[in-house]
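Below: the structure, in structure tokens.
One-based numbering, in listed order, for ligands and for the atoms of each.
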Amino acid sequence: MAKVLVSDSIDPVGVEILSQVAQVDVKTGLSAEEIIQIIPEYDALMLRSSTRVTKEIVEAGSKLQIIGRAGVGVDNIDVPAATRQGIIVVNSPEGNTIAAAEHALAMMLSLSRHIPDANQSVKANKWERNRFIGTEVYKKNLGVVGLGKIGSHVAAVARSLGMKILAYDPFISKERADQLGCTLVDLELLFAESDFITLHVPKTPETQHLIGRETLPKMKPTVRIINCSRGGIIDELALIEALESGRIAGAALDVFEQEPLGESRLRELSNVILTPHLGASTTEAQVNVAIDVAEQIRDVLLGLPARSAVNIPGLTPDVMEKLRPYLQLAETMGNLVSQLAGGRCDSLNVRLQGELATKDSQPLVIAAIKGLLSQALRERVNYVNAAIEAKERGIRVIETRDASTRDYSGSIHLEANGSMGTHSVTGALLSNGEIRITDLDEFPINVPPSNHMLFTLHQDMPGIIGKIGALLGSFNVNIASMQVGRKIIRGDAVMALSLDDPLPEGLLSEITKVPGIRDAYTVKL
Ligand SMILES: NC(=O)C1=CN([C@@H]2O[C@H](COP(=O)(O)OP(=O)(O)OC[C@H]3O[C@@H](n4cnc5c(N)ncnc54)[C@H](O)[C@@H]3O)[C@@H](O)[C@H]2O)C=CC1
Ligand SMILES: O=C(O)C(=O)COP(=O)(O)O
């Protein structure tokens, strides 16, 4: 039975789902060393933001198939290391959107009306009505940095509070911002004009210290900053100095450069509100993310695709359903063309033809690469690491799409250049789903792939087919099917044979000695 390690606290419903297919061990609060020690036993790892999945953990996880983040941000996981190891990383892109957005809004209103301090004051038996004069958010400018799922929900609610929304997001179109009732601006203008600034970007090298020593002086002295995205997007030391000097009016922080927050001057500042990374901590969000991620782990352990993988291209169940037979075709052809080209390929051209010439069919390119590398890497290559392995081996992959249809509604053409020159194959599916190789080195043929195959390039002339048949017969090799393709009579031709038995040692060189045979290749699929 598969084993899953759950290393952060998740809603019990997640454990229930995982238990359908695996032994589940919930062990929270482990150190990196402790995880490294036990991770070799596990097929899957499920976590939230407290566990840091380092390269060392990933590399120790020799059986790991999937790492599931019960939340959005995967910045605590070394995703490139997981990709290289062929481990799928999944998250729950929408499960906690509302929770995080509502937390940011709660932080904004708490800041503007001093709710936490006023609460403490009353509980300390005081009645300080003049100390807690607030500001209204109505008609104020809210700068939203990152207009994705959380940012847009914050914007929608803030608009209904009567706020004007300035948004900065270089990956969002003006049309989308208009739809959301936001004015798309550059960061300079957002900093200069906002009364409140709320951050909703992922942690990336570009967003690191987006707010810091250089940007804080560009803001209004009355600005209040809310960070419910990630620690490190704000330079904490620069923020503390700006708050201490009164350069800005306040800040509300849910996330920190170091978590849990250690010793920090932030705790002493009266114009700061702090929460311990609670953005996703609602009952509803925790149920959502636990179900979403546990289901994906369960599916992957059952050999099914994951719907929200962050390191494989769009293999959602509906795309998978449509492409499934073609994935097998692309992989078989990749394997075939790599053997024809003699391994050590430096380029692979993938042409998706007819109904496959769409954006959705990107996984077919990955499948072709996986097939191409399967001789060299065997089961080590999978849909997750195929592209990166090809890149690291210096294989140039060129994709083209041609929507015109030929004899089949959809077909795949591969051309590889390797140590035995450039070779190409085209393949398609019959209406019953059977694979056919329809073209070999531009010669039309029609053969099903089989475990053992023999291909020849020869001169089209009487008797040659008989000679090859007799030679195979004399070595007790049974022919399952055979096809000859030629362009002109008595010109060059190809022969493709599916064999029931492997070609015995020495037979290939006998075949190449037959007069008229220019070249012969065996292929094992
Ligand atoms: N405090 C908490 O508990 C939670 C924190 N989060 C954090 O919130 C972040 C945002 O979450 P979602 O809205 O769901 O993600 P999302 O992917 O829907 O939105 C992120 C937006 O940021 C934009 N973006 C990326 N790089 C940018 C840059 N350099 N400058 C400006 N915009 C940029 C993207 O175009 C995208 O629109 C997550 O990455 C996560 O780190 C998410 C959930 C809970
Ligand atoms: O989903 C996210 O990105 C979060 O930051 C939530 O973190 P958590 O799962 O509550 O530790």
Side-chain angles (χ1 to χ4, degrees), residues 6-11 14 28-29 46-53 68-77 79 89-107 143-156 166-174 176-177 179-180 182 184-191 197-211 215 226-234 252-257 259-261 273-290 292-294 308 310:
V6 177
S7 62
D8 288 325
S9 78
I10 61 162
D11 190 276
T28 60
M46 183 161 171
L47 61 130
R48 284 173 59 194
S49 63
S50 301
T51 306
R52 281 198 66 75
V53 185
R69 164 44 165 135
V72 180
V74 290
D75 47 289
N76 53 327
I77 301 169
V79 178
V89 179
V90 301
N91 69 350
S92 174
E94 288 169 14
N96 62 26
T97 303
I98 301 299
E102 288 183 358
H103 198 70
L105 289 156
M107 290 288 233
V144 178
V145 182
L147 200 54
K149 287 180 282 296
I150 299 170
S152 10
H153 190 68
V154 168
L166 304 174
Y168 170 71
D169 190 324
F171 308 105
I172 290 285
S173 67
K174 186 178 171 307
R176 171 78 184 139
Q179 257 175 19
L180 295 166
C182 303
L184 216 49
V185 296
D186 63 24
L187 212 44
E188 295 279 312
L189 191 67
L190 184 143
F191 287 150
I197 295 174
T198 184
L199 305 177
H200 299 291
V201 286
K203 172 120 180 258
T204 63
E206 291 75 39
T207 60
Q208 168 87 8
H209 289 187
L210 189 87
I211 291 187
T215 41
I226 299 124
N227 186 10
C228 290
S229 57
R230 269 300 170 275
I233 294 172
I234 300 181
L253 308 174
D254 183 47
V255 285
F256 305 89
E257 287 183 331
E259 290 184 15
L261 180 67
I273 298 173
L274 308 174
T275 52
H277 202 146
L278 291 182
S281 295
T282 63
T283 318
E284 296 86 344
Q286 284 313 306
V287 169
N288 291 343
V289 297
D292 190 357
V293 171
S308 306
V310 301

Taking distance alone, with no angle check, do [X] and ligand 1 share an N/O pair under 3.5 Å?
X: G73; result: no
X: C228; result: yes
X: V145; result: no
X: D254; result: yes
X: E206; result: no
X: D169; result: yes

Show which atoms of ligand 1 fall inside a sub-4.0 Å distance from at least one heavy-atom site of [X].
X: F171; result: 24 (N), 25 (C), 26 (N), 27 (C), 35 (O)
X: T207; result: 28 (C), 29 (N)
X: H277; result: 1 (N), 2 (C), 3 (O)
X: G146; result: 22 (O), 32 (N)
X: A100; result: 43 (C), 44 (C)

Within less than 4.0 angstrom of ligand 1, does [X] place any heavy atom?
X: T204; result: no
X: R230; result: yes
X: P170; result: yes
X: T97; result: no

Please find the pair of heavy atoms, one from N91 and one from D292, that lie closest to each other, and give the distance. O-OD2, 4.4 Å

Ligand 1 contact on N96 by region, counting heavy-atom pairs under 4.0 Å: side chain

What part of E94, side chain, backbone, both or neither, has a heavy atom within less than 4.0 angstrom of ligand 1? neither

I98: which residues meet the side chain to side chain contact (heavy atoms under 4.5 Å, CB included) condition with it, sequence neighbours left out? E102, H153

Among all residues two or more places apart in sequence or in another chain, which pass the side chain to side chain contact (heavy atoms under 4.5 Å, CB included) test with T51? S7, D8, I35, L47, V53

Does one side chain, of T275 or D254, offer a donor that lies under 3.5 Å from an acceptor on the other? yes

Taking R48's backbone N and O only, do any of them form a donor-acceptor pair with N76's side chain (distance below 3.5 Å, no angle check)?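 Indeed, once roles are kept as given, a pair shorter than 3.5 Å links the two residues.
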
For the side chain of T215 and the backbone of L210, is there at least one donor-acceptor N/O pair under 3.5 Å apart? yes

Side chain to side chain donor-acceptor pair (under 3.5 Å) partners for E94, two or more places apart: none

Contact residues of ligand 2 with a heavy-atom cut-off of under 4.0 Å? R48, S49, R69, A70, G71, V72, G73, N96, R230, H277, A280

